[in-house]
Amino acid sequence: MSYAETVAKDLLEIHAVTLSPDKPYTWASGLHSPIYTDNRLTISYPAVRQAIYQGMAALIKEHFPEAAVIAGTATAGIPHAAWVAEDLGKPLVYVRSKPKDHGRGKQIEGVLQAGEKVVVIDDLISTGGSVLNAVAAVNKAGATVIGVVSVFTYQLPAADKNFADAGLNYYSVTNYPTLVNVAKENGLISEDHLSSLNEWRQDPAAWSAKH
């Protein structure tokens, strides 16, 4: 089994990702969705988090071998970034969603030198907006983000567009198509559910309006 399939199975088993196409969740944005993700649960399961950070480390070695620093997004990306940095023997920094409003007003914690090549780690890519804010903060500090790695991605068209606009590649240990296929293979969803779940990924707003 690949890292993608192993981690997808893990996420479903610990209920870090749950699928409910018949009774959709309501996201903070107000959109109805057949999927809810809370990858923060993964940090409490040693075998699961190990598979995740090993998968991330493998992606970085393959796609970004020149990375000098690992950066985690606050807060969900920090633990995974820490394990990856330890595994690869790289320095670690983390990036706040906005600068501190006291002290030195820093947005990036840790030591980051101008010109260093950085990989940013997040737990989830939906549209990519939040992690691209972290990317902008690292670049503004004088370092260079060469890529983004996450635990899971919905593989939404909006994310592909946002990363393309930013001129940046992103990779995830596992992804939505893999996860729904694993769910189907393990009897968690029906063939009808699979069709509905695939519709959602193509156009979440249209799916939400119908449900």
Side-chain angles (χ1 to χ4, degrees), residues 1-56 58-59 62-63 73 75-77 79-80 121-132 148-165 168-211:
M1 213 185 277
S2 68
Y3 277 121
E5 292 166 325
T6 298
V7 172
K9 191 166 184 288
D10 288 342
L11 295 179
L12 289 163
E13 285 179 352
I14 68 170
H15 304 295
V17 178
T18 52
L19 299 169
S20 182
D22 293 334
K23 294 182 179 177
Y25 304 99
T26 302
W27 283 5
S29 63
L31 285 178
H32 298 296
S33 167
I35 184 168
Y36 183 75
T37 303
D38 183 3
N39 286 327
R40 289 164 295 207
L41 296 178
T42 61
I43 66 177
S44 298
Y45 297 86
V48 176
R49 71 190 191 209
Q50 184 177 43
I52 287 169
Y53 80 69
Q54 288 176 342
M56 286 181 158
L59 287 171
E62 179 181 355
H63 300 288
T73 56
T75 57
H80 302 293
I121 286 182
D122 204 352
D123 72 318
L124 171 68
I125 304 292
S126 52
T127 63
S130 60
V131 74
L132 288 171
V148 168
V149 172
S150 69
V151 178
F152 183 61
T153 174
Y154 293 138
Q155 282 196 343
L156 299 179
D160 292 340
K161 181 182 185 306
N162 289 336
F163 276 93
D165 289 348
L168 210 57
N169 288 325
Y170 77 98
Y171 298 91
S172 293
V173 178
T174 193
N175 54 65
Y176 184 83
T178 298
L179 183 127
V180 295
N181 284 332
V182 168
K184 175 70 170 60
E185 287 168 10
N186 286 271
L188 300 177
I189 56 172
S190 68
E191 197 67 50
D192 287 346
H193 288 149
L194 189 63
S195 174
S196 180
L197 288 162
N198 287 331
E199 271 182 41
W200 173 81
R201 188 176 73 83
Q202 295 304 321
D203 193 337
W207 192 97
S208 176
K210 281 169 60 178
H211 294 78

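In this text the structure is predicted, and so the values were computed from the model without any measurement.
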Between Leu197 and Tyr176, is any pair of side-chain heavy atoms under 4.5 Å apart?
-> yes
Could you pull out the closest heavy-atom pair between Pro79 and Thr75, with the gap in Å?
-> CD-O, 3.4 Å
Closest heavy-atom pair and its distance - Asp38, Arg40 = OD1-NE, 2.8 Å
Measure the spacing between OG of Ser150 and CD1 of Ile52 and express it to the nearest 0.5 Å.
-> 10.5 Å
Does a side-chain heavy-atom distance below 4.5 Å link Leu12 with Val182?
-> yes
Please determine, by modelled atom types, if Asn39 and Thr42 share a side-chain donor-acceptor pair under 3.5 angstrom.
-> no
Heavy-atom distance under 4.5 Å between the side chains of Leu179 and Leu19, does that happen here?
-> yes
With side chains defined as the heavy atoms from C-beta onward, is the minimum distance between Ser33 and Leu31 less than 4.5 Å?
-> no
Kindly compute the distance separating NZ (Lys9) from CG (Asn186), expressed to the nearest 0.5 Å.
-> 5.5 Å
Give, for atom OG1 of Thr73 and atom CD1 of Ile121, the distance between the pair rounded to the nearest 0.5 Å.
-> 9.0 Å
Using the side-chain contact (heavy atoms from CB on, under 4.5 Å) rule, take Asp122 and Ser130 through it: C-alpha gap first, then chi angles, then the decisive distance, then the call.
-> CA-CA 9 Å; Asp122 204 352; Ser130 60; 3.9 Å; yes
Measure the spacing between OG1 of Thr174 and CD of Gln155 and express it to the nearest 0.5 Å.
-> 9.0 Å
Just how far is it from atom CG of Leu194 to atom CD of Glu199, taken to the nearest 0.5 Å?
-> 11.0 Å
Evaluate the side-chain contact (heavy atoms from CB on, under 4.5 Å) criterion for residues Leu168 and Leu132: first the C-alpha distance (whole Å), next the side-chain angles of each, then the deciding distance (0.1 Å), finally the verdict.
-> CA-CA 9 Å; Leu168 210 57; Leu132 288 171; 4.2 Å; yes
Of the non-hydrogen atoms in Pro34 and Pro21, which two are nearest, and what is the gap between them?
-> CB-CA, 3.7 Å
Criterion ring pair (Phe, Tyr, Trp, His ring centres under 6.0 Å) against Trp27, the qualifying member of Trp207, Tyr36, Tyr154 | Tyr154
Do Leu59 and Tyr3 touch side chain to side chain, with heavy atoms closer than 4.5 Å?
-> no
Which atoms form the tightest heavy-atom contact between Ile35 and Tyr25, and what is the distance?
-> C-CD1, 3.7 Å
Identify the heavy atoms of Phe152 and Asn175 that sit nearest to each other, and give their distance.
-> CE1-C, 3.3 Å
Identify the heavy atoms of Val173 and Val7 that sit nearest to each other, and give their distance.
-> CG1-CG2, 3.7 Å
Residues Ser196 and His193: side-chain donor-acceptor under 3.5 angstrom = no
Before giving the answer on side chain to side chain donor-acceptor pair (under 3.5 Å), spell out for Tyr170 and Asp160 the whole-Å C-alpha distance, their side-chain angles and the decisive distance to 0.1 Å.
-> CA-CA 9 Å; Tyr170 77 98; Asp160 292 340; 3.1 Å; yes
Has the side chain of Asp10 got a donor or acceptor atom that lies under 3.5 Å from a matching backbone atom of Val48?
-> no
Roughly how far, to the nearest 0.5 Å, is CZ of Arg49 from CD1 of Ile14?
-> 11.0 Å
Taking the side chain as every heavy atom from C-beta outward, state whether Trp200 and Leu156 have any pair of such atoms under 4.5 Å apart.
-> yes
Taking Arg201 for its side chain and Pro177 for its backbone only, find out whether a donor-acceptor pair lies under 3.5 Å.
-> no
Side chain proximity check, Val151 to His80, heavy atoms < 4.5 angstrom = yes
